Each structure stands twice: as C-alpha cells, then as structure tokens.
Colleague: 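Handing you this structure, nothing more for now.
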Protein chains: 2
Amino acid sequence: MPKPAPRRHTRGSQSGRPIMVLLDLLGRRWALRILWELRDGPLTFRALRDRADSVSPSVLNTRLRELRDAGLVEMSNEGYSPTRDAAELGELLLPLDGWAKRWAQRRR
Amino acid sequence: MPKPAPRRHTRGSQSGRPIMVLLDLLGRRWALRILWELRDGPLTFRALRDRADSVSPSVLNTRLRELRDAGLVEMSNEGYSPTRDAAELGELLLPLDGWAKRWAQRRR
DNA sequence: CTCTTGTGCTACGTTTTTCGTAGCTATCGC
DNA sequence: GCGATAGCTACGAAAAACGTAGCACAAGAG
C-alpha cells in the first residue's frame, strides 16, 4: 500500500530567500495587477474586479487571500487596501508606468 | 455545423495600456524570476533553468519566447540576456530585494 | 571517423491553475 | 417585507504548468 504521498508544494521558491518568495507571489496571475489597482485607496471586491478586466471571482478571492496572508493587503469596511508595507512596495512599482510607456513607444 | 469559434485570447490587458500589458506579461509564472536571474549577464537555457528552481523546459521556453517577442530578452552565443531596455527595467526591480528582506524581517 | 559532452529545445501525458457563470448569504436603506 | 449591494463559494470546462524523456546539433577529444 502506497504512502499517502509527501504532499509537496508545486509552487516555486525552494530557497526561501525573501526575494524569491516575493517574485513567486507576484508572479501569479493578477497579483501585480491587484497591487497596482489598490495603489490609490481602498476598493471593494467588485470594484477591484471591474478594474481588473473582470477577473473571475474565484481567482480574485484566492489572490486576495494570498496577499492578505502575506501581509500585503488588508480589509476594512472601506474595502481592500494595501498594508503600509505594500504601499511602500507600490511606490517601488510606480516607475514601471513610465518605463512601460517608453517601451511601448520604442516598439511601435 | 458550429462556427469555428471566435478565438479570443484568454489573457488579460484588454485596454492595451502599456502598463497593463507589462503587468500581464510579468504576471506569468517565472517571468519576473527569469528577468531577475538575467540581471548580471547572459545565461544559457540550462543555467537559467538551474537557477530558477528547475522550471520545466517547456514553460521556460514559452516565457523566453514571449520575452523575446516583447523585446525584453535576446539571445546571443553567450546565451540569453536582457536587452538594453530590460536592463533598465531590471534596475527598477532591484529595490525589491531590499524591500523583500525587510518584509521577511517584519513577519518573522 | 567515433565517442562524449553540452547545447537549445520539443513531445506528451499528468496535474494544477484559471476561467466563466450562477448563485448563496449577509447587510443596508426603505 | 423588498430591492440593491456587498463578499464570496461552487463547479464543470479550458488553459497553463508540470516532470520526464529524449531529439538534433555542434564542438572537442581521441
């Protein structure tokens, strides 16, 4: 009779190095986008969905749970917002907008 | 006889806004990680695989193709490297490392 | 030449994730 | 009560990612 199977995670970042954990977390579908959309203040679940190309609620919920577990997002009666830490992270991400615009220009 | 089906992409970024396109591209599994690993110079396909938790070659190849198509990665006889544009993007990503370390500290 | 080594990458069956839609529960104002 | 809005779950279908094996090619050694 076979053992119940060691039940490893399939998901990345073996090392546990924080940057790898972060890149893994942000590399899941919609995670970056969610963080991006939450930059300026709280959004409700549905508002967030509307902003993010109508991502399916099950995935949105999964991501939000992961982001909450990671301490990047929190929920109040206003809706979802980035934690203070994540707001900082959001600022690090800001320059991406400018970069993306130049990038789009270059490759027209 | 049913129509061949309109064949829409399933994948994000309806708007075409550059930042959304970028977030979508980087939000695919291993994309961020690949960019991260390529920061300091060229890596061969296999070296890249080894660094990135042995990501499966089919996925790695798909990501590399996407990143090449997007003008973020190029291939020489040295292996894969970021394009000049992507090197710039890589620098924008650098502060994430410090952030991740502080984040890991805070949540121990 | 053959043999080895290392390369980029494909093939393919299995597993996991994501998707789309419907709809449940709870709360609020009326 | 009713309707509107909220967060979120359920679930079958589709797509993506996985792990492993191995092909084709090139360069080097003998």
Side-chain angles (χ1 to χ4, degrees), chain A residues 2-14 20 23-35 37-38 41-70 73-82, chain B residues 2-14 20-21 23-35 37-38 41-70 72-82:
Chain A
K3 288 274 192 62
R7 205 64 199 106
R8 54 200 175 133
H9 331 51
T10 27
R11 207 91 193 226
S13 73
Q14 308 273 50
M20 299 313 170
L23 293 181
D24 179 35
L25 187 60
L26 299 183
R28 299 177 191 186
R29 213 177 276 179
W30 301 108
L32 271 172
R33 177 69 176 267
I34 289 170
L35 237 48
E37 296 297 349
L38 290 180
L43 286 177
T44 67
F45 190 92
R46 290 180 191 224
L48 195 46
R49 253 200 104 208
D50 291 345
R51 291 213 186 191
D53 293 330
S54 302
V55 47
S56 103
S58 38
V59 179
L60 179 54
N61 190 38
T62 304
R63 283 303 154 269
L64 284 171
R65 203 178 331 110
E66 291 164 356
L67 292 172
R68 272 185 288 176
D69 291 349
V73 161
E74 62 195 356
M75 197 189 175
S76 67
N77 46 9
E78 307 278 311
Y80 289 97
S81 17
Chain B
K3 289 273 193 66
R7 204 65 198 103
R8 54 201 178 134
H9 336 43
T10 26
R11 207 89 192 229
S13 73
Q14 309 273 50
M20 299 313 169
V21 176
L23 293 179
D24 179 34
L25 187 60
L26 299 184
R28 299 178 190 186
R29 212 178 277 179
W30 300 108
L32 271 173
R33 178 68 176 268
I34 289 170
L35 237 48
E37 297 296 349
L38 290 181
L43 287 176
T44 66
F45 190 91
R46 292 182 190 220
L48 195 46
R49 255 200 102 206
D50 291 345
R51 290 213 186 191
D53 293 331
S54 300
V55 46
S56 102
S58 39
V59 179
L60 179 55
N61 189 39
T62 304
R63 284 302 154 273
L64 284 172
R65 201 179 330 109
E66 291 165 356
L67 292 172
R68 272 184 287 175
D69 291 350
L72 296 182
V73 161
E74 61 194 357
M75 197 190 175
S76 66
N77 46 11
E78 307 277 310
Y80 289 97
S81 17

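Being a predicted model, the structure only gives us computed values, none of them experimental.
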Colleague: Tell me every residue that passes side-chain contact (heavy atoms from CB on, under 4.5 Å) with A/Arg46, counting only those two or more places apart in sequence or in another chain.
Modeller: A/Thr44

Colleague: How many Å lie between CD1 on A/Ile34 and C1' on C/dT18, as a whole number?
Modeller: 13 Å

Colleague: Test of understanding: with side-chain contact (heavy atoms from CB on, under 4.5 Å), list the residues that count as partners of A/Ser58, not counting sequence neighbours.
Modeller: A/Ser56

Colleague: Would you indicate whether the side-chain heavy atoms of B/Asp53 and B/Arg33 approach each other to under 4.5 Å?
Modeller: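 A side-chain contact exists here, since the closest heavy-atom pair is under 4.5 Å.
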
Colleague: So which protein N/O to nucleotides 5-7 of chain D N/O distances come out below 3.5 Å?
Modeller:
| residue | atom | partner | partner atom | Å |
| --- | --- | --- | --- | --- |
| D/dA6 | N7 | A/Arg46 | NH2 | 3.2 |
| D/dG7 | OP1 | A/Phe45 | N | 2.5 |
| D/dG7 | OP2 | A/Phe45 | N | 3.2 |
| D/dG7 | OP2 | A/Arg46 | N | 3.0 |
| D/dG7 | N7 | A/Arg46 | NE | 3.2 |
| D/dG7 | N7 | A/Arg46 | NH2 | 2.7 |
| D/dG7 | O6 | A/Arg46 | NH2 | 2.6 |

Colleague: Could you tell me how far apart A/Leu60 (CG) and C/dT21 (C1') are, to the nearest whole angstrom?
Modeller: 15 Å

Colleague: Do the side chains of B/Leu48 and B/Val55 get nearer than 4.5 Å, heavy atoms only?
Modeller: no

Colleague: Just the rounded figure in Å: distance from C1' of C/dT18 to CZ of B/Arg29.
Modeller: 10 Å

Colleague: Minimum heavy-atom separation for A/Glu74 and A/Pro82, please, with both atom names.
Modeller: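 Where A/Glu74 meets A/Pro82 most closely, the heavy atoms are OE2-O, 4.0 Å.
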
Colleague: In whole Å, what is the span from the CG atom of B/Asp53 to the C1' atom of D/dG19?
Modeller: 14 Å

Colleague: How many Å lie between CZ on B/Arg28 and P on C/dT18, as a whole number?
Modeller: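 Atom-to-atom, B/Arg28 to C/dT18, this comes out as 13 Å.
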
Colleague: When you measure from the side chain of A/Ser56, which nucleotide among C/dT18, C/dG20, D/dC18 comes out closest?
Modeller: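 Of C/dT18, C/dG20, D/dC18, C/dG20 is nearest to the side chain of A/Ser56.
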
Colleague: Which nucleotide in the set C/dA11, C/dC19, C/dT17 lies at the smallest distance from any side-chain heavy atom of B/Ser58?
Modeller: C/dA11

Colleague: Roughly how far, to the nearest 0.5 Å, is CG of A/Leu38 from CG of A/Leu64?
Modeller: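 It is 7.5 Å, given to the nearest 0.5 Å.
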
Colleague: How many Å lie between CG on A/Asn61 and P on C/dG20, as a whole number?
Modeller: 16 Å

Colleague: With respect to the side chain of A/Pro57, which nucleotide from C/dT18, C/dA22, C/dC12 is positioned closest?
Modeller: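 In terms of side-chain proximity for A/Pro57, the closest of C/dT18, C/dA22, C/dC12 is C/dA22.
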
Colleague: Using the side-chain contact (heavy atoms from CB on, under 4.5 Å) criterion, which residues pair with A/Asn61? Sequence neighbours excluded.
Modeller: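 So A/Asn61 forms a side-chain contact (heavy atoms from CB on, under 4.5 Å) with A/Phe45, A/Arg65, A/Arg68.
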
Colleague: To the nearest angstrom, how far is B/Glu66 atom CD from D/dA17 atom C1'?
Modeller: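 Checked: the CD to C1' distance equals 12 Å.
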
Colleague: So if I take every side-chain heavy atom of A/Arg63 and compare against D/dC18, D/dA10, C/dT18, which nucleotide ends up nearest?
Modeller: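 Selected nucleotide: C/dT18.
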
Colleague: Would you mind reading off the distance between A/Arg33 atom CZ and C/dT18 atom P, rounded to a whole angstrom?
Modeller: 16 Å

Colleague: With a non-hydrogen cut-off below 4.0 angstrom, is A/Thr62 in contact with a base, only sugar-phosphate, or nothing?
Modeller: nothing

Colleague: At less than 4.0 Å, is any side-chain N or O atom of A/Trp30 found next to OP1 or OP2 of C/dT17? Yes or no.
Modeller: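 Indeed not, no polar side-chain atom of A/Trp30 lies that close.
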
